[in-house]
Number of protein chains: 2
Amino acid sequence: MPRPTKQSPERGDARTRLLEAARDLIRAKGFAGCSVDDLCQAAGVTKGAFFHQFASKEGLGVAAAEYWAETTSAFFAAAPYQANKDPLHRVLAYIDFRKEIIAGDLAEFTCLVGTMTQEVYATSPTIRDACAASIFGHAKTVEADIAAAMEARGMERDWTAASLARHLQTVIQGAFVLAKAANDPDIARESIDHLKRYVVFLFSNTAPVEEQHTSAERGQ
Amino acid sequence: MPRPTKQSPERGDARTRLLEAARDLIRAKGFAGCSVDDLCQAAGVTKGAFFHQFASKEGLGVAAAEYWAETTSAFFAAAPYQANKDPLHRVLAYIDFRKEIIAGDLAEFTCLVGTMTQEVYATSPTIRDACAASIFGHAKTVEADIAAAMEARGMERDWTAASLARHLQTVIQGAFVLAKAANDPDIARESIDHLKRYVVFLFSNTAPVEEQHTSAERGQ
DNA sequence: GAATTAATACCGACCGTATTGTACTTATCA
DNA sequence: TGATAAGTACAATACGGTCGGTATTAATTC
């Protein structure tokens with residue numbers, strides 16, 4: 001139940017503003033790297049509001065991961081590549097889409113939960129679990145398409161739809177790491193190209209995969 | 001020039017002990033997540049020694065990344081998979097080896113510089129550059145084998161040896177992220193399997209790749 | 001439908017501790 | 001003896017978190 005604030009009643013409640021500030025700040029400076037004061041200042045909120053909304057800084061971390069899971073799953077659910085009818089085309093268009101949205105500053109397109117996991121996996125199990133739910137929950141949605149594509153082609157392989165779905169996330173997460181190291185988004189796109197070539201290969205032995213799938217335009 | 005210490009004269013000098021403590025602690029808790037006191041305690045060294053050896057905590061971060069680059073390059077240079085005569089077999093055996101050494105606790109086999117990069121790429125360019133030098137320096141060594149394998153087979157492709165070498169590192173780094181999220185090393189091994197399948201595929205169109213390469217045993 | 005009560009959302013000064021880094025002293029070796 | 005290495009005490013501040021208080025709204029009462 002959002003409630004306006006004196007200072008900026010139009011921007012929504014303090015909780016949402018803090019979650020958005022956390023999303024942006026943590027991606028740039030890491031979880032331990034930004035203080036509660038930093039977050040409050042970025043959100044235009046006082047410390048009192050922070051600890052009214054969240055029991056602790058760790059509590060905010062969990063909420064930020066959950067908020068990330070919600071917003072990104074809505075984002076991908078509404079993305080144009082979903083319009084592809086064929087499951088395999090949808091998977092390939094998903095990969096294209098992941099490449100397309102790598103644009104702008106690193107902190108704008110990299111993954112909040114991937115960054116947080118690396119940092120707190122050993123020190124904060126609750127944050128780690130929330131991050132894992134986001135990553136593997138997203139993988140599950142792609143897994144459904146992969147499984148459908150496999151079944152449609154009657155494939156029998158020594159790999160599973162689940163493992164391939166996770167592999168897609170592996171490459172995407174790793175691409176972010178190398179892009180950060182090189183300070184260059186092209187490094188990330190490069191690996192997505194290799195990933196797509198691999199998926200095309202996996203399905204090319206059963207039936208030819210045409211380049212008909214679309215990611216940016218509605219496929220009707 | 002190692003110098004013994006009162007408390008533990010057998011363990012070498014304070015600088016090395018601090019670098020080893022940093023390697024282990026930062027992999028578990030992140031760079032910002034462990035304090036100078038933590039590092040000193042883990043190394044069995046006082047704070048005076050710390051700031052005698054390093055100008056700042058950031059200075060230790062840079063040194064730790066450089067130390068990581070040195071020790072890992074020596075580790076891979078001495079690894080048994082290098083004995084493979086054929087460059088392609090050496091690449092495939094490298095991938096096998098990367099899978100083999102995923103064992104024990106997460107903090108023992110994950111990558112220090114990958115973890116640090118994610119955290120400080122925006123806040124500490126000096127640490128980021130040191131991490132990048134480690135990652136891409138290592139990739140260069142694999143790139144040499146990939147390039148040799150391509151040349152031996154007279155391949156003409158729409159990908160380069162450099163990009164494939166970086167892709168290997170992408171998958172490895174991403175595998176660590178997902179393994180941390182799931183708290184399960186198997187998740188990492190799974191993606192390495194996909195990676196190997198991909199590399200085998202890339203080279204299978206020119207000449208058959210037998211499973212003769214070895215990673216654990218000396219090949220000669 | 002005005003007055004009162006209760007509950008929520010928020011503010012901001014303050015607290016105790018943890019943090020990085022400094023200054024000075026002590027030990028060790030060439 | 002002079003230089004390097006390491007130990008000790010402490011200074012300055014940054015940090016997460018607390019606490020009493022205020023503002024706004026919804027529910028309740030008369």
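Proteins come first, then strands; the chains are lettered A, B, ... in the order of their sequence lines, and each starts at number 1. Atom set for the values below is all heavy atoms of this structure, side chains included, hydrogens, waters and symmetry mates excluded.
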Q: Would you confirm whether Glu119(A), through its side chain, and Ala32(A), through its main-chain N or O, come within 3.5 Å as a donor-acceptor pair?
A: yes
Q: Is it true that, when you exclude Gln41(B) itself, more than 12 heavy atoms of the residues, nucleotides or ligands shown sit nearer than 6.0 Å to its CD?
A: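 No, because the 6.0 Å sphere around CD of Gln41(B) holds 12 heavy atoms or fewer from other groups.
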Q: What's the CG-P distance between Leu39(A) and dA14(D), to the nearest Å?
A: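 Rounded to whole Å, this separation is 17 Å.
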Q: If you compare every side-chain N and O of Gln53(A) against the phosphate oxygens of dA9(C) (OP1, OP2), does one of them come in below 4.0 Å?
A: no
Q: Calculate the interatomic distance between Asp37(A) atom CG and dG12(C) atom P; express it in whole Å.
A: 13 Å
Q: In whole Å, what is the span from the CZ atom of Phe54(A) to the P atom of dT18(D)?
A: 15 Å
Q: Rounded to whole Å, how long is the line connecting atom CG of Asp38(A) with atom P of dC15(D)?
A: 6 Å
Q: Between Ser35(B) and dT19(C), does any side-chain N or O lie under 4.0 Å from OP1 or OP2?
A: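 Answer is yes, contact under 4.0 Å.
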Q: Just how far, in rounded Å, is P of dG21(C) from CZ of Phe51(B)?
A: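 My rounded result for the distance is 5 Å.
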Q: Taking the nucleotide of DNA chain C with the closest heavy atom to each, which residue, His52(A) or Gly48(A), is nearer the 5' end?
A: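 Looking at DNA chain C, the more 5' nearest nucleotide goes with His52(A).
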Q: Between Asp13(A) (CG) and dT24(D) (P), how many Å, whole number?
A: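 Answer to the nearest Å: 17 Å.
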Q: If you assign each of Val36(A) and Lys47(B) to its closest nucleotide in DNA chain D, which residue comes earlier from the 5' end?
A: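 Mapping each residue to its closest nucleotide by heavy atoms, the 5'-most match is Lys47(B).
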Q: Are side-chain N/O atoms of Arg98(A) and Tyr94(A) paired as donor and acceptor at under 3.5 Å?
A: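 Side chains of Arg98(A) and Tyr94(A): pair found under 3.5 Å.
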Q: Please give, in whole Å, the distance from dT18(D) C1' to Lys57(A) NZ?
A: 18 Å
Q: Taking atom P of dA9(D) as reference, at what distance in whole Å does atom CZ of Phe50(B) sit?
A: 20 Å
Q: Given the rule in the ring-ring contact (aromatic ring centres under 6.0 Å, His included) test, do His167(A) and Tyr198(A) qualify, once you have shown the distances and angles that lead to the verdict?
A: CA-CA 11 Å; His167(A) 182 62; Tyr198(A) 175 58; 5.6 Å; yes
